[in-house]
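So the structure is just underneath, and the comments pick up after that.
Atoms within a ligand are numbered from 1 in the order they appear, just like the ligands themselves. Residue indices begin at 1 and follow the sequence shown.
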Amino acid sequence: MNKLDEILEYNKLFVENKEYEQYKATKYPGKKLVILSCMDTRLTELLPKALNLKNGDAKIVKNAGATIMHPFGSIIRSIIVAIYEFNTDEVLVIGHKNCGMSNINGEEIINKIISRGVSKETIDTINNSGINIDKWLHGFDSVEDSVKESVDLIKKHPLIPKEIKVHGLIMDPETGSLEVIIKDQ
Ligand SMILES: [Zn+2]
């Protein structure tokens with residue numbers, strides 16, 4: 001049995017037993033919050049619990065490192081949709097300690113990609129097309145700087161209204177404790 005079969009089996013019972021009822025919510029976030037955070041597995045349940053968020057309270061956007069790679073990439077797009085379509089008015093960027101994206105080495109990942117069967121030529125072709133894979137895969141040296149950069153980028157984004165509050169925080173992935181890096185007054 002693969003993982004999907006196991007999931008589907010469970011899912012059938014979940015629906016049959018109406019376990020979804022406790023999660024009923026609308027698509028409009030009750031707390032008008034949008035959160036950008038990291039895909040780290042330790043935060044999956046811990047982050048909402050530590051922030052007192054229930055299903056329906058916030059839009060949560062996640063990726064590796066809670067980073068914004070491009071001012072017109074999918075993260076900013078999601079935040080813009082959350083603001084204009086779902087009435088959110090406050091943004092939290094939540095990085096965390098011991099993030100897997102800190103000090104990640106792009107070159108090492110490229111070597112792993114090659115060892116899994118992708119040809120060096122493919123890597124070269126992509127690099128020659130104007131995408132620097134090494135830079136693209138690189139994480140950050142300081143989570144604090146990364147959070148600050150993201151907050152700054154959101155705050156100064158030409159398509160984001162000035163009155164939107166944007167805060168930057170760092171979570172301890174063991175305790176859920178939050179450290180405020182930037183508080184938008
Ligand atoms: Zn992380």
Residues in side chain to side chain donor-acceptor pair (under 3.5 Å) with H157, at least two apart?
-> none
Is the F72 ring parallel, tilted or perpendicular to the H70 ring (thresholds 30°, 60°)?
-> perpendicular
Residues I110, I114; criterion side-chain contact (heavy atoms from CB on, under 4.5 Å); working and verdict | CA-CA 6 Å; I110 292 170; I114 291 169; 4.0 Å; yes
Taken in chain and number order and not counting sequence neighbours, the residues that satisfy side-chain contact (heavy atoms from CB on, under 4.5 Å) with D89 are K32, I164
Check which protein N, O or S atoms are less than 2.8 Å from the Zn ion (ligand 1) and report how many there are.
-> 3
Residue among K156, K148, K155 satisfying side-chain hydrogen bond (donor to acceptor under 3.5 Å, both in side chains) with D152 = K156
Which donor-acceptor pairs under 3.5 Å do side chains of residues 93-109 form with protein atoms, sequence neighbours excluded?
| from | atom 1 | to | atom 2 | distance (Å) |
| --- | --- | --- | --- | --- |
| S102 | OG | C99 | O | 2.8 |
| N105 | OD1 | E107 | N | 2.9 |
| N105 | OD1 | E108 | N | 3.2 |

